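Everything below concerns the one structure shown next.
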Amino acid sequence: MTVSHSHGGMMLVNSANRKYDKILQSAIEIISEKGLEKTSISDIAKKANVAQGTFYLYFRSKHALIPAIAENLLQLLLKKIKNRSNGKEDFWEILYIIIDETFETTKEYKEVLVLCYGGLAFGYSMETWEAIYSPYYQWFENVLSKAINNNQIVQINVEWHAKMMINLIENVAERLYIAKDHGNTLEETKQELFHFLKRSLTHNPS
């Protein structure tokens, strides 16, 4: 179920709604190619094979797509992470999967992510951002709690660390693909990030 945010102009829509999904996916593809400003609602409607009026049943403007796109991409990322980590008990293996999938998603959708971050930062409240990330944070909190119970990591505040670690992983991926910080290779960057997080979770500074 897609979460409704009235200030974003979104309707409460079941994700099984094919027209909604087609509009959203078409918007992601076109914006990835052309950017938001050069993308028109008629472009999106044409690619989705729906009438332009149908677009307005779901979104009041193309800018109202931003939180829906952000939520869609995050759901995609979390699904990929869950699929790869399903049945795995080693926290460090799961952590590397999170890093790897975050980097891949950032690489594939970097143009759209720039749009989402900019749009959410300037056009939407922090509550919108938190609502979008809430399922991801909660899932990772459970992963961290399990790792603590299995003595794989030190005692930590799982709520704070879940947010901090997810934000850090995304930030490093964005620096590589969006800010084009190429001081290290892709694999070196992922390994440095992995070992930095591992050191912080296995050594108690006190």
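Computed from a predicted model, the values in this text were never measured in an experiment.
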Where do Leu201 and Met165 land on the side-chain contact (heavy atoms from CB on, under 4.5 Å) test, with the steps shown first? CA-CA 11 Å; Leu201 293 172; Met165 290 174 68; 3.7 Å; yes
Between the CG atom in Asn171 and the CD1 atom in Ile178, the distance rounded to the nearest 0.5 Å is 10.0 Å
Roughly how far, to the nearest 0.5 Å, is CG of Asn83 from CD of Glu101? 9.0 Å
Start with the C-alpha distance between Thr102 and Val172, add both sets of side-chain angles, then the distance that settles side-chain contact (heavy atoms from CB on, under 4.5 Å), and finish with yes or no. CA-CA 10 Å; Thr102 301; Val172 174; over 6 Å; no
Short question: side chain of Lys22, backbone of Ala48 - any donor-acceptor pair under 3.5 Å? yes
I'd like to know whether Leu113 forms a side-chain contact (heavy atoms from CB on, under 4.5 Å) with Glu174, so could you lay out the CA-CA distance, the side-chain angles of the two residues, the decisive distance to 0.1 Å, and finally the verdict. CA-CA 9 Å; Leu113 287 169; Glu174 288 155 17; 5.7 Å; no
Do Lys19 and Tyr58 come within less than 4.5 Å of each other through their side chains, counting heavy atoms only? yes
Is the shortest side-chain heavy-atom distance between Ile148 and Val154 below 4.5 Å? no
Looking at every heavy atom in both Leu144 and Ile153, which two are closest together, and how far apart are they? O-CD1, 3.7 Å
What one should report as the nearest heavy-atom pair of Pro67 and Ile132 is O-CD1, 3.7 Å
Is it the case that atom NZ in Lys47 sees more than 12 heavy atoms from other parts of the structure closer than 6.0 Å? no
With heavy-atom distances below 4.5 Å as the criterion, would you say the side chains of Val158 and Val143 are in contact? no
Value rounded to 0.5 Å, distance of OG in Ser200 from CE in Met164: 5.5 Å
Pairwise distance CD(Glu188) to CG(Leu176) - rounded to 0.5 angstrom: 11.0 Å
Does the pair Lys34/Asp43 count as a salt bridge with the N-to-O cut at 4.0 Å? yes
Nearest heavy-atom approach of Ile81 to Ile97 is O-CG2, 4.0 Å
Using the ring of each side chain (for Trp, its six-membered ring), is Tyr20 parallel, tilted or perpendicular to Phe59, with breaks at 30° and 60°? parallel
Lys/Arg-Asp/Glu bridge criterion (N-O < 4.0 Å) met for Lys107, Glu104: no
Rounded to the nearest 0.5 Å, what separation is found between the NE2 atom of His63 and the CD1 atom of Ile66? 6.5 Å
Search all heavy atoms of Ile94 against all heavy atoms of Ser85 and return the closest pair with its distance. CG1-CB, 4.0 Å
With side chain to side chain donor-acceptor pair (under 3.5 Å) as the criterion, how do Glu170 and Tyr133 come out once you've worked through the C-alpha distance, each side chain's angles and the decisive distance to 0.1 Å? CA-CA 12 Å; Glu170 289 184 346; Tyr133 269 80; 2.8 Å; yes
Is any side-chain heavy atom of Leu193 less than 4.5 Å from a side-chain heavy atom of Phe103? yes
When you check the gap from the basic side-chain N to the acidic O, do Glu33 and Lys38 get nearer than 4.0 Å? no
Would the distance check show the side chain of Asn72 and the main-chain N or O of Ala68 forming a donor-acceptor pair, the cut-off being under 3.5 Å? no
For Gln191, I'd like to know if atom CD has over 12 heavy atoms of other residues, nucleotides or ligands within 6.0 Å. yes
Heavy atoms only: give me the nearest Tyr96-Lys190 pair and the separation to one decimal. OH-CE, 3.7 Å
Neighbour count above 12 (heavy atom, 6.0 Å) for Arg84 CZ: yes
Taking atom types as modelled, find out whether Glu130 and Ser134 have a side-chain donor-acceptor pair closer than 3.5 angstrom. no
Using only atom types and a distance under 3.5 Å, with no angle test, would you say the side chain of Asn86 pairs donor to acceptor with the backbone of Lys82? no
What's the spacing between Asn184 CG and Thr189 OG1 if we round to 0.5 Å? 4.5 Å
Of all the heavy-atom pairs spanning Ala131 and Pro135, show the shortest one and how long it is. O-CD, 3.7 Å
Between Thr54 and Val50 (side chain of the first, backbone of the second, donor and acceptor by atom type, cut-off under 3.5 Å), is there such a pair? no
Sorted by chain and residue number, the side-chain contact (heavy atoms from CB on, under 4.5 Å) partners of Ser32 (sequence neighbours excluded) come out as Ile28, Val112
Applying the side chain to side chain donor-acceptor pair (under 3.5 Å) criterion to Lys146, which one of Glu89, Glu141, Gln152 satisfies it? Glu89
side-chain contact (heavy atoms from CB on, under 4.5 Å) assessment of Ile69 paired with Tyr109: CA-CA 11 Å; Ile69 291 173; Tyr109 297 104; over 6 Å; no
